[in-house]
Amino acid sequence: MTNKLKDEKSPYLKQHKDNPVNWFAWNKESLEQAKKEKKPIFLSVGYASCHWCHVMAHESFEDDKTAKIMNEKFINIKVDREERPDLDYVFQRSLSILTGTQGGWPLSMFLDENGVPFTGGTYFPPKEMHGRPDFQKVLNNVSDVYNKNRQKILDQASQMQEIFGKINQRSAVLNQPLEPFLEKIIQHLDKDNGSFKGAPKFPQFYLFDAMFYFYLKTGKEEYFKPVETLLYNISSKGMYDHLAGGIARYTVDENWIIPHFEKMLYDNIQYIGLLNKFFQKTNNLYYKGKLEQTINFINSEFKNDFDLYGSAYDADSDGVEGKYYVWNYAELKNTLGSKFNLFAKKYNLTEEGNFEGNNILIETHNKLSDDEIKEISNTEKTLLDQRNKRSKPLFDDKSQTDQNCFLLETLLLSSLVTDNEELKQNTFVSIKILEKYLSDKIFHCYQDTEIDAFLEDYVYYASLLITIYELDGDVKYIEKAKDVLIKTWEYFFDKKSGLMQKNKILDNDLFVQPVDLNDNNIPNGNSVYLNLCNKIYIITSDKIWFEKIDILKKSFHQVLNSNFAQMFSFVKSLDICNESISFTIHGKQNLDPNIKKYLQKKFFTRATFKYLDNEVKEAKIVICKNQTCSNKLSNIKEIEDYLKRNNIS
């Protein structure tokens, strides 16, 4: 038996095509079916590499008795949260509003026949467990309540819409100092382990990226230390894959030992991005090693059949969480033989292990000689070869445009800070593939879907295009970026709120407009758009971009105080706009490449690079900060002196 998911493209939806549940995808047909039959909707949101999604699927969605109840009493809709991030945002917030509980995946929501939620939860077990009611009982109870109170539930829709309208509460503030937001959040950080106190432990890169930005600007040690602590802990412990590179999504403990083993592209992009900046500032070769290993891992293991980047690796293999990554003590001794003791000098290894009788590799603090490091590196390759013989976790090969653009931009910056011309050229090959992929229109995952693109797809594509221009001055990329940003404003800007919503306004198929201001998987599209407007204004001097900057800055300041903990990319973007640092290169053809490299390494993520008079024989640089500019400068000494005198660090 197959259901309507058999024709879907999402790997996650395809995982459920043979369930006895009569699944629909979220589309006009399924929503109309609910109205026609006057049935409530059971909405299940997850993703292909989600461990607890698999658990609930095996326990309930593959069970004939449970499926019978679902099919008789509900219209059942399955959603890939990465395919529909707007929908995931709205229903995660709905769960919080309706029940006061934190969301997560699988998200299990019950909607009325018009698609408005009235109750829900996350994972429901087949039998009551740890205070969670059994799923069959939940299904029967919800169905009974809906049938007895149908009209009353339908009438509650306006209340939900009203509550959503108040989520982004506004103050009268139109401008304010930004550093105090960092000072407020620092007291909640774990000084020993990094990130926030307690467990589970997530890296929260959007916060630490902003914090490092303010460290580079101010030199304040209190902004440097939390970033260093975070990077050391996630790079040296169980969060990091020491054999192949890359990080897991989070750890279940506060010491970063036991990961939830799934690997997400978006986490690794931001890990690479923070390592770029940290290595550039500190020149610490330990982090350069992690940076290069992770880039190699992403470029070798995350490519799909389209030569683009997929989304994630599952936590499970052979149905067991973490099986692919962990090591039995005896297996290590047998595999490594005489090399075991040296290997144990770098990693904490015990017979009892640190995870269900097995060892997750954790670095020790032992000092190693260069010869030992080289020998251990060979041993790690031996173990990796052994591990590659195991059943690999499922690869969700679905390409997401926003994340592909974000990664390619980040890799260009990696090539800059590591002086890796081969990486730069290989990244440009991938960029050309992506450009061809998006030549007809910008889309998120698939071209022929009812809702085909989101705010982040547009802004991250524009950001990539502007980055290409800033690196080398190719004007066609600025023209292309302007076109994308104009369309972004047209499709996503909501005049009523003064903000961008997550899906196209004219295509919205949800019961509310999804204006999401949180930094979630990646920095929010609203904040990225502001930064890009600032760049385009500096490069073109066109006042339409200044007008957009003014609107967005005022809107962001009005909402920042009520939700700043989830909005640190906004804090960073607002400060970048306030500073408006730029370097205008007159005569790029004859510019000393060492000058450009020096400035781009130091300032690329905090300033705008502009190119004029490309054929001028004697190349010059003009430095501006907030509309105050230097004379034309000729050499690194003049540039350094100006930067120092004007406190541009």
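- Note on ring orientation: taking the six-membered ring where Trp is involved, the planes of Phe302 and Tyr313 are perpendicular (angle over 60°, cut-offs 30° and 60°).
- By the ring pair (Phe, Tyr, Trp, His ring centres under 6.0 Å) test, Tyr324 pairs with no residue at all, sequence neighbours left out.
- Inspection of the Tyr460 and Gln403 side chains reveals no N or O donor paired with an N or O acceptor under 3.5 Å.
- Between Asp396 and Lys398 there is a salt bridge, since at least one side-chain N of the basic residue sits less than 4.0 Å from a carboxylate O of the acidic one.
- Here the side chains of Phe568 and Pro523 are not in contact, with every heavy-atom distance at 4.5 Å or above.
- Within a 6.0 Å sphere centred on NZ of Lys9, other residues, nucleotides and ligands contribute more than 12 heavy atoms.
- Under a 4.0 Å N-O distance rule, the pair Lys323/Glu356 does not qualify as a salt bridge.
- Other residues, nucleotides and ligands contribute at most 12 non-hydrogen atoms within 6.0 Å of the NZ atom of Lys496.
- In this pair, Tyr437 and Phe306 present their aromatic rings tilted. The plane angle is within the 30 to 60° band.
- Using cut-offs of 30° and 60° on the angle between ring planes, the pair His58 and His54 is tilted.
- Using modelled atom types, no side-chain atom of Ser569 and backbone atom of Tyr206 make a donor-acceptor pair closer than 3.5 Å.
- Neither side chain, Asn22 nor Asn76, offers a donor N or O lying under 3.5 Å from an acceptor on the other.
- Of the N and O atoms on the side chains of Asn268 and Thr294, not one donor lies less than 3.5 Å from an acceptor on the other residue.
- Between the side chains of Gln386 and Thr335, no donor-acceptor pair is found at a separation under 3.5 Å.
- Taking the six-membered ring where tryptophan is involved, the planes of Phe511 and Phe91 are tilted, since the angle between them lies from 30° to 60°.
- Counting heavy-atom neighbours within 6.0 Å of Lys6 NZ, excluding the residue itself, gives a total above 12.
- Relative to the six-membered ring of Phe74, Lys39 misses at least one condition, a distance below 6.0 Å or an angle of at most 45° to the axis.
- In summary, Lys504 and Asp452 engage in a salt bridge, as defined by a charged side-chain N under 4.0 Å from a carboxylate O.
- For the pairing with Tyr250, the ring pair (Phe, Tyr, Trp, His ring centres under 6.0 Å) check across Phe196, Phe205, Phe202 returns one residue only, Phe202.
- Ring geometry for Phe135 against Phe61 counts as perpendicular: the plane angle is over 60°, on a 0 to 90° scale with 30° as the lower cut.
- Trp327 carries Arg390 over the face of its six-membered ring, with the cationic atom under 6.0 Å from the centre and within 45° of the normal.
- Inspection of the His260 and Glu321 side chains reveals an N or O donor paired with an N or O acceptor under 3.5 Å.
- Residue pairs meeting the salt bridge (Lys or Arg N to Asp or Glu O under 4.0 Å) criterion with at least one member in residues 505-528, sequence neighbours excluded: Arg84-Asp509, Lys502-Asp516.
- Relative to the ring axis of Tyr458, Lys487 does not place its NZ or CZ within 45° and under 6.0 Å from the centre.
- Between the side chain of Tyr309 and the main chain of Asn299, no donor-acceptor pair closer than 3.5 Å is present.
- If you check the side chains of Asn503 and Asp86, you find a donor sitting under 3.5 Å from an acceptor.
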